[in-house]
Amino acid sequence: MQKTLPKKELLNFIKILMEKYEVIAPVKKDKVLSKFEIIKDPREIYLNEITTVPVKEFFIPEDETLVEFKDGNIIENKGEIKPRIIFGLRKCDINAIEVLDKVMPCSIYINKRKNTILIGIFCEKPDKYCFCESMELNDSGYDLFFYAKDKDYYITIGSKKGEAIVKYLNNAKKEIKLKYKNKKILYDKNIEHYYKNKIWDSDAEKCLSCSACTVYCPSCNCFDIKDTLNMNLKDGIRTRHEISCQLKSFSRVAGGKSFRDSRLSRFKHFVYHKIVYYKHRKGRYMCVGCGRCLRACPTKIDWVKTINILTGFKKKRK
Amino acid sequence: MYKPIAYEITETINFTEEVKLFRIKSKINPMPGQFIEVSIPGIGECPLASCAYNTDYIDLLTRNAGNVTSAVFKLQKGEKIFFRGPYGKGFPIKELKGKDLILIAGGTGIAPVASLIEYIEKNRKDFGRMYIFFGFRNENYILLKDKIEKWKNKFDFTLTLDKKLVPESNLVCETGFIQDIIDKKKIDFKNSSALICGPEIMMKCVSEKLMSLGLKKNRIYWSMERRMECGFGSCGRCQIQDLYVCKDGPVFRYDIIKPKIDNEESANEVKT
């Protein structure tokens with residue numbers, strides 16, 4: 001059973017949530033940048049576009065302490081946080097969190113997930129980079145999901161936690177479910193046997209190994225573990241840092257050997273991890289089709305188009 | 001999951017300028033081929049395999065090669081070292097039972113193989129005939145000398161040096177790469193399994209030779225080296241295509257891992 005919330009009541013609804021929870025929602029920062037932030041006022045919320053920055057930083061921040069060394073003791077970070085709600089997640093964002101769930105088995109991540117309620121909202125205007133429709137996304141993972149229709153939000157309940165939040169709202173008279181319509185389509189994802197195809201070379205030639213694709217990807221989780229020593233040379237912290245497979249140092253071992261030495265091999269590793277490798281292991285695509293890598297690429301590499309050419313769906317490149 | 005535990009170093013043995021052995025009191029006893037994340041607080045972590053198999057201690061054969069190992073190198077007897085683990089699958093003991101085994105190792109790659117030999121010593125009746133080949137650069141690079149002397153008497157053991165510096169010395173050994181001397185032995189290659197650890201180029205050459213002698217490619221196992229940061233398939237650093245060396249390996253069957261390594265290497269040939 002769905003619940004309904006009049007659109008004009010949304011700010012009030014958020015205000016009530018803010019009394020009990022830390023509320024995180026998309027905020028427009030400037031012309032080009034929008035991101036998830038802890039809000040102080042519900043009016044900050046901006047739902048008109050997909051956020052430039054993905055939501056992953058609230059689960060796997062750029063830097064995060066794993067253990068602390070203090071006075072000869074080792075203190076483990078348990079990932080304890082205040083109960084919080086992330087509002088305004090799109091279907092791609094929620095699916096990306098589901099992807100992360102399968103590769104982040106540590107208690108820090110798990111505790112953060114347990115203490116976070118996810119509220120999704122149906123994305124009305126996928127832009128020219130969005131191809132989520134092609135990525136076989138799950139309709140799950142959220143605690144609540146909002147569909148906007150006419151003057152109301154129709155709210156699908158995904159969990160008991162979610163249900164408790166909307167208990168006081170009216171039941172909907174009819175169920176609403178909307179579907180996406182993407183302009184961009186990734187037609188055939190069966191690319192395993194095209195690994196050695198020459199078509200990748202031209203994309204790799206354009207690639208600057210800047211790693212923007214992996215930074216903006218909501219499902220990229222790879223990290224580095226690094227120690228930092230305090231001035232007393234005894235205490236310190238062991239942290240994990242976001243790192244990118246597009247950097248040469250990513251696979252470098254003691255002695256200096258880097259196993260993915262060329263940009264081509266690193267670029268293909270990104271695409272194949274998203275489309276092939278993760279699927280082999282976990283039974284779903286790692287890519288959620290949000291298009292953030294395409295939006296962020298400074299040289300406008302469009303690997304979705306490349307795959308379509310490769311698999312014969314678009315004969316010519318613009 | 002990331003919390004390391006402190007252990008005490010009970011002994012250190014210098015083998016070469018670059019390689020030292022650290023004996024650490026610990027009951028965790030990793031299976032042969034598994035690895036542990038050794039660390040020094042404030043410096044960092046590095047994945048190493050024990051070259052012993054028993055419940056009293058772990059032997060870390062450490063080459064002074066990176067940030068962490070160079071810090072480990074400075075540690076003395078009685079000092080503390082930290083680690084977490086063990087991680088990985090190690091050698092497929094179940095699949096090897098009852099088979100004739102060819103154990104091949106080069107340089108510091110002898111560590112996991114040495115642990116496997118000790119396992120086999122303790123469970124000798126579970127395995128068939130055993131042939132061991134250890135290769136080193138020259139006399140100055142020989143590691144685990146005591147154990148090698150012991151194994152020479154116990155097993156069909158071949159020591160080979162790439163180049164013998166003192167040809168007239170009374171050290172019993174072959175000269176040349178393992179792939180060049182392995183066919184001197186009368187081994188029933190068709191019915192044996194081979195377990196190899198060493199530099200990738202050496203594992204490649206030896207495997208090709210073994211296959212030319214009749215060994216099946218699904219009976220060759222490689223113990224691989226990659227950058228393993230987390231140890232449980234989370235950080236993505238040790239990925240070889242869809243396999244995680246830390247979780248699915250570090251021991252892989254040749255016919256499974258080789259095409260994936262070749263794929264990645266084919267992309268490295270294009271210099272972009």
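Chain A is the first sequence line, chain B the second, and so forth, proteins listed ahead of strands; every chain is numbered from 1.
- In this structure, chain A has heavy atoms under 4.5 Å from both the backbone and the side chain of Q239(B).
- Distance CZ/F250(A) to SG/C235(B): 7.0 Å, rounded to 0.5 Å.
- Here the closest heavy-atom approach between residue S265(A) and residue N268(B) is recorded as OG-OD1, 2.9 Å.
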Go through the steps for F223(A) and S234(B) under the test side chain to side chain contact (heavy atoms under 4.5 Å, CB included), then give the verdict. CA-CA 8 Å; F223(A) 55 83; S234(B) 182; 3.5 Å; yes

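- Counting only N and O atoms by type, the side chains of Q241(B) and Y277(A) include a donor and acceptor under 3.5 Å apart.
- Taking the charged nitrogens against the carboxylate oxygens, D242(B) and K282(A) have no contact shorter than 4.0 Å, which rules out a salt bridge.
- Only the side chain of K247(B) comes within contact range of chain A, with heavy atoms under 4.5 Å apart.
- Atom SG of C238(B) sits about 11.0 Å away from atom CZ of F259(A), to the nearest 0.5 Å.
- For F82(B), the part lying under 4.5 angstrom from a heavy atom of chain A is the side chain only.
- A cation-pi arrangement, defined by a distance under 6.0 Å to the six-membered ring centre and an angle within 45 degrees of its axis, is absent between R238(A) and Y2(B).
- Listed here is the closest heavy atom pair of E229(B) and I225(A): OE1-N, 2.8 Å.
- For the atom pair R237(B) CZ and S251(A) OG, the distance stands at 8.0 Å (nearest 0.5 Å).
- Using a 4.0 Å cut-off between a side-chain N of Lys or Arg and a carboxylate O of Asp or Glu, D224(A) and R227(B) qualify as a salt bridge.
- In this structure, chain A has no heavy atom under 4.5 Å from any part of N67(B).
- Within 6.0 Å of atom NZ in K196(A), more than 12 heavy atoms from other residues, nucleotides or ligands are found, so the atom counts as buried in its surroundings.
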Side chain to side chain contact (heavy atoms under 4.5 Å, CB included) between D248(B) and R281(A), worked out: CA-CA 11 Å; D248(B) 306 317; R281(A) 299 185 69 87; 2.7 Å; yes

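- Here the closest heavy-atom approach between residue A267(B) and residue Y195(A) is recorded as CB-OH, 4.1 Å.
- By number of non-hydrogen pairs under 4.5 angstrom with chain A, the leading residue of A6(B), C230(B), G44(B) is G44(B).
- When each of R226(B), E45(B), E264(B), M1(B) is checked for heavy-atom pairs under 4.5 Å with chain A, R226(B) comes out on top.
- Proximity to chain A (any heavy atom under 4.5 Å) is restricted, for I40(B), to the backbone atoms N, CA, C and O.
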